[in-house]
Amino acid sequence: MSKILLVNSYLLSNDLNEQRVMKPYAPLGIQYISSYLKSKGHHVDIFDGTFSSIPKFRTTLEKLKPKAVGIYANVITKETALQMSALTKSTSGGHTAVLVGGPGPVLDIDAYFASGVDVIVRGEGELTVEALLNLNNLSDSTQLHQIDGIIFKKDGRIVRTKDRKLIEDLDTIPFPDRESINIQDYMNAWKGRHGVSSIQILTARGCPYTCTWCSKEVFGSIYRKRKIEKVIEEMQLIKEKYNPDQLWIADDILTLKRDWILEFSSKVKEKNIAIPFECLARVDLVDEEVLAALKSIKCFRIWYGSESGSQRVLDSMKKNFTVEDIFRAGRLTKEAGIEIGFFIMIGYPGEEVRDIEKTIDMLKRLEPDYCGSAVAFPIKGTEFYKSVESKIITQLEWKQRNENRLAFKGRYPNIFYWFAIRLINNILPWQNLLKDKRKNITKFVTTFIKILICKTGMFITGHQFSK
């Protein structure tokens, strides 16, 4: 019926941090939209930018000459997405309609329209993109007014149509269109760097919690879980076609529905379809039985958004759990034989040196296996952003190279956070090396020097730890 090119605007070549980490995953969002549109009779192609380039994107446009291009963008890929939008218009002489979606475009509407974008898709994309492709003319504002969940321009004015209802039954969407993306490239990248291959899968959408810094532009606040049978069927297909060494279950919170987890674990064992996996959970949503169930189907690592060891900071973030919950989850997870990963955030408004000290003390005591640390970054549309909007450093645009730089005027100088984040990153290696100084004497000395430099740097800024 219609021809659309769906585009992942992320370019690995632009992301120095990910090149070091090398744990890329194929974009599930456009894979879901592709499979849904194909099920409705639309002709769909995918351009995946991860291992590609802008010149190859231009070549793809010239070859396919699509009626419409749908670009997925977030705050990190904004620059590339804008470039792709402008290139689409120039290559087609303005005849190709440009749609953009994802969590990024709704936060910077003017920039996207200036690049040639015709329509910004808000929220989940499947139903909205289908409705747009069914229009006779994507530039007809009268028809666009009838489509829920979009933003467009009419006579120079920004027009927002009413919100589109979230998809209640996620199993009405076919499995992601993995065949239209070279999944093997991702598996090879993982295998080459880490010795294992990995593929991601979703069992739910949405998050009902109220963390002040979290953006919910796409999946919203209503938690919707897929049927267990469909998740197992998808796992079986993944195992038969790709046979990855492990899975990444990419739900915001895998363990929100306790009964679902227990039944899922039982049926996975019954079908003998377990694949080693890691996932995300909340510290207040695990217990001995849930952890034992996850372990029984080869869960080897759980990531918790612990964020801080200070209750004062957790409360200001509206995390709705306690430091005691973090310690309890950490202890129970270790006892279950599952690795622990913590996400830590510093620099949140109101945080003081004493709060960071508590976070470091928590890491020392719990000794998580992994720790991902970041400096607080305000995303437009969030409660956090509104609270610091007057303090935003406007010349600081979020790009890959700006990771872990404070983007607003905080309590301490930027260089303080530079040292603090590196101090936190060295806590776990230091703890491990303390246990075995003889075999790791070089690393022991190197890490000690790094910690000393960080503490000295923080002292020079006029702020230091009491211990």
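All values derive from a computational prediction rather than experimental measurement.
Between the side chains of Y10 and D15, at least one donor N or O lies within less than 3.5 Å of an accepting N or O. Side chains of T212 and Y348: a donor-acceptor N/O pair is present below 3.5 angstrom, by distance only. For T203 and R226, the side-chain atoms include no donor-acceptor pair closer than 3.5 Å. For the residue pair N320 and T210, a side-chain donor N or O sits within less than 3.5 Å of a side-chain acceptor on the partner. Looking only at atom types and distance, the side chain of S35 has no donor-acceptor partner in the side chain of D177 under 3.5 Å away. Of the N and O atoms on the side chains of Q311 and D315, at least one donor lies less than 3.5 Å from an acceptor on the other residue. Side chains of Y25 and S198: a donor on one and an acceptor on the other come within 3.5 Å. No side-chain donor from either of Y304 and R282 sits under 3.5 Å from a side-chain acceptor of the other. If you check the side chains of Q236 and E240, you find a donor sitting under 3.5 Å from an acceptor.
Distance check: E367 CD to M362 CE gives 13.0 Å after rounding to the nearest 0.5 Å. E307 contributes atom CD, which lies 7.0 Å from atom CD1 of I344 (distance to the nearest 0.5 angstrom). Interatomic distance, L28 CG to I33 CD1, rounded to the nearest 0.5 Å: 11.0 Å.
Ring-centre distance between F321 and Y209: not below the 6.0 Å cut-off. In this structure, the ring of F51 has its center less than 6.0 angstrom from the ring center of Y186.
Taking 4.0 Å as the cut-off between side-chain N and carboxylate O, K318 and E383 count as a salt-bridged pair. Under 4.0 Å is where a charged nitrogen must lie from a carboxylate oxygen, and between K165 and E124 no such pair does. The pair K271-E233 does not count as a salt bridge, with every side-chain nitrogen at least 4.0 angstrom from each carboxylate oxygen. Ion pairing between E126 and R205 holds under the 4.0 Å rule for side-chain N and carboxylate O. By the 4.0 Å N-to-carboxylate-O rule, K23 lies too far from E18 to be salt-bridged with it. Under the 4.0 Å criterion applied to side-chain N and carboxylate O atoms, K267 and E229 are assigned as salt-bridge partners.
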Output, in order, the C-alpha distance, side-chain angles, deciding distance and verdict of salt bridge (Lys or Arg N to Asp or Glu O under 4.0 Å) for D251 and K225. CA-CA 10 Å; D251 304 16; K225 200 75 170 173; 3.4 Å; yes

Take T50 and N8 through the test side chain to side chain donor-acceptor pair (under 3.5 Å) and record every step on the way to the result. CA-CA 7 Å; T50 303; N8 173 27; 3.1 Å; yes

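Judged as a salt bridge (Lys or Arg N to Asp or Glu O under 4.0 Å), and not counting sequence neighbours, the contacts of E335 are R331. F47 is linked by a ring pair (Phe, Tyr, Trp, His ring centres under 6.0 Å) to F57, counting only residues two or more places apart in sequence or in another chain.
Cation-pi contact between R301 and Y370: present, with separation from the ring centre below 6.0 Å and deviation from the ring axis of at most 45°. Geometrically, R422 engages W418 in a cation-pi contact, judged by NZ or CZ lying under 6.0 Å from the ring centre and within 45° of the ring axis.
By the 6.0 Å contact criterion, CD1 on I222 is open, its count of non-hydrogen atoms from other residues, nucleotides or ligands being 12 or less.
Ring orientation note: the planes of W190 and H194 are tilted relative to one another, at an angle of 30° to 60°.
Judged as a ring pair (Phe, Tyr, Trp, His ring centres under 6.0 Å), the pairs with a partner in residues 323-343 (not counting sequence neighbours) are, in order, W303-F343.
Here the side chains of Y242 and R178 are in contact, with some heavy-atom distance below 4.5 Å.
Side-chain atoms of R328 come within 3.5 Å of backbone N or O of V286 as a donor-acceptor pair.
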